[in-house]
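Values in this document were obtained by computation on a predicted structure and should not be read as measured data.
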Amino acid sequence: MNAADPLAERWRAARLPPAGVHLDSAACSRQTLAAIEAAAAHARHESEVGGYLAAQAAEPVLDAGRAGVAALTGMSPADVVFTTGSGNALELFLGAWPMQRTVACLPGEYGPNLATFAACGFTTRALPVDGLGRVDPDAAQTMLRADPPAMVHLTAVGSHRGVVQPVGALAAVCRAVGVPLVVDAAQALGQVDCVGDADAVYSSSRKWLAGPRGVGVLAVRPALADLLRTPQWADALSALQCLEVGEANIAARVGFSVAVGEHHAAGPADVRRRLAELGNLARSTLADLPGWRVVEPAEEPTAITTLAPTDGADPAQVRLQLIAEHGIVTTAAGVERAPMELDTPVLRIAPHVDNTAEDIDAVASALRAMA
């Protein structure tokens with residue numbers, strides 16, 4: 001692992017120095033100074049001319065943000081709308097859903113997504129998966145043909161496990177069966193390739209794209225978007241456009257749009273390469289830690305390493321101790337993240353491209369000392 005990787009150096013130079021070791025990008029990455037200043041500049045403009053005129057002036061930047069997200073998802077810019085986060089995107093989408101309320105999803109589906117499905121009146125059924133929770137496309141095709149739901153929902157990378165789902169293969173299955181595929185890319189966009197044939201994709205801004213909190217996106221292909229329920233007040237707006245109408249933090253959307261542009265400037269393929277290298281390094285470095293088991297395969301193409309306790313450690317307490325005693329930020333993922341699959345909390349290590357082998361060694365040393 002080359003600490004002097006040019007991409008890592010540019011990523012590091014664009015940001016304030018971290019206060020400690022930040023290994024929590026699967027929860028929230030560190031923004032660049034440019035993204036922060038863009039949001040601040042918009043807020044200042046709101047103070048000068050008012051929020052609505054400032055929002056009109058920001059449209060070219062927001063259009064660029066939509067276009068950047070479209071390029072990362074294989075959609076068109078007109079297919080993309082802003083939301084306040086991935087959870088909000090799912091709520092808006094399900095609220096406009098026009099068909100039966102049945103959905104097939106992973107046994108390891110994100111807990112808040114399951115709660116949203118239930119609140120919106122959806123009945124869920126589990127897709128067939130292997131021992132890692134990765135969907136089996138052939139078995140899924142058999143299941144979907146026998147009893148097709150109204151929707152298939154796939155979380156491309158889970159919140160509790162850094163395993164990449166075969167989105168393209170399942171998209172082909174869904175296309176053949178005639179069932180729409182909706183992809184939760186909150187943990188995938190910017191970390192793995194999300195260009196595919198899904199009918200809808202949604203994500204948040206704050207993870208691998210390193211945007212501000214409180215922003216999300218929803219992209220829906222026209223064939224499905226045209227079926228969504230349009231409210232009576234829509235006038236000339238489409239159903240998809242109506243999902244974006246309402247009070248919004250435009251400054252945060254501006255910051256996110258700048259972050260998306262920076263991601264493209266860095267080179268999405270180069271970012272994915274560096275993230276996969278860091279994930280592989282972390283899993284090999286942490287493989288023999290006493291009291292912990294690495295969950296993901298060593299060569300899984302993600303930056304995430306999940307550590308499951310094998311000797312009674314409490315990941316929530318370990319996270320707090322890592323911060324207090326070592327200045328290392330990680331994530332403790334409780335069973336609520338995947339209540340149908342996860343039976344014990346886990347510790348998640350998630351570097352971004354500016355992290356180094358020394359950062360991985362630091363968390364390994366800290367966990368050994370704590371053990």
Side-chain angles (χ1 to χ4, degrees), residues 10-11 13-17 28-73 75-93 95-96 185-186 189-190 201-220 222 225 228-266 268:
R10 294 195 303 272
W11 199 273
R15 291 160 170 79
L16 291 170
C28 191
S29 291
R30 301 189 306 117
Q31 296 181 65
T32 64
L33 292 170
I36 294 169
E37 176 53 33
H42 180 85
R44 288 193 291 269
H45 197 202
E46 287 185 342
S47 179
E48 293 168 343
V49 302
Y52 291 95
L53 286 180
Q56 291 175 5
E59 272 304 319
V61 177
L62 301 181
D63 285 343
R66 295 184 187 95
V69 171
L72 293 173
T73 57
M75 302 281 193
S76 298
D79 301 336
V80 180
V81 295
F82 287 106
T83 68
T84 63
S86 53
N88 174 245
L90 181 60
E91 290 172 358
L92 291 171
F93 180 73
L189 195 64
V201 179
Y202 64 93
S203 184
S204 60
S205 67
R206 59 187 159 80
K207 301 178 187 292
W208 303 103
L209 293 177
R213 294 187 68 182
V215 189
V217 284
L218 169 66
V220 186
L228 298 179
R229 292 173 179 161
T230 304
Q232 293 181 346
W233 50 263
D235 196 19
L237 296 175
S238 68
L240 187 60
Q241 289 171 326
C242 287
L243 300 185
E244 193 176 86
V245 171
E247 189 59 34
N249 185 344
I250 302 299
R253 292 179 179 180
V254 168
F256 174 51
S257 296
V258 170
V260 172
E262 292 175 322
H263 181 82
H264 280 285

Are any side-chain N or O atoms of Arg253 and backbone N or O atoms of Leu62, one a donor and one an acceptor, separated by less than 3.5 Å? no
Tyr202 versus Thr83: any side-chain heavy-atom pair under 4.5 Å? no
Minimum heavy-atom separation for Glu262 to Ala34, with atom names? OE2-CB, 3.3 Å
Which atoms form the tightest heavy-atom contact between Val220 and Ala225, and what is the distance? CG1-N, 3.6 Å
Is the side chain of Ser29 donor-acceptor paired with the backbone N or O of Lys207 at a distance under 3.5 Å, no angle test? yes
About how many Å separate OG1 of Thr73 and CG of Leu189, when rounded to the nearest 0.5 Å? 7.0 Å
Is there a side-chain contact between Ser238 and Thr230 (heavy atoms, below 4.5 Å)? no
Side-chain heavy atoms of Val201 within contact of Leu72, under 4.5 Å: no
At their closest point, which heavy atom of His45 faces which heavy atom of Ala57, and how far apart are they? CE1-CB, 3.7 Å
Within 6.0 angstrom of Glu247 CD, more than 12 heavy atoms from elsewhere: no
Show the nearest heavy-atom pair for residues His264 and Ala71, with the distance to one decimal. CE1-CB, 3.8 Å
Before you tell me yes or no, could you show the steps for Arg66 and Val69 under side-chain contact (heavy atoms from CB on, under 4.5 Å), namely the whole-Å CA-CA distance, both residues' side-chain angles and the distance that decides it to 0.1 Å? CA-CA 5 Å; Arg66 295 184 187 95; Val69 171; 5.8 Å; no
Approximate separation, where rounding is to 0.5 Å, of Leu92 CG and Leu228 CG: 11.0 Å
Drop me the distance from Leu218's CG to Glu91's CD, to the nearest 0.5 angstrom. 12.0 Å
Check whether any side-chain N or O of Ser76 sits under 3.5 Å from a backbone N or O of Asp79 as a donor-acceptor pair, and report yes or no. no
Does the Asp235 side chain pair with the main chain of Leu237, one donor and one acceptor, at a distance under 3.5 Å? no
How close do Phe256 and Gly211 get, heavy atom to heavy atom, and via which atoms? CD1-CA, 4.3 Å
May I ask you to test the Ser257-Phe82 pair for a side-chain heavy-atom distance under 4.5 Å? yes
Step by step, would you call Trp208 with Ser203 a side-chain contact (heavy atoms from CB on, under 4.5 Å)? CA-CA 10 Å; Trp208 303 103; Ser203 184; over 6 Å; no
Please report the closest heavy-atom contact between Ala89 and Val217, naming both atoms and the distance. CB-O, 3.9 Å
Can a donor-acceptor pair be found, under 3.5 Å and without considering hydrogens, that links the side chain of Ser86 to the backbone of Ala186? no
Backbone N/O of Arg15 and side chain of Arg30: donor-acceptor pair under 3.5 Å: no
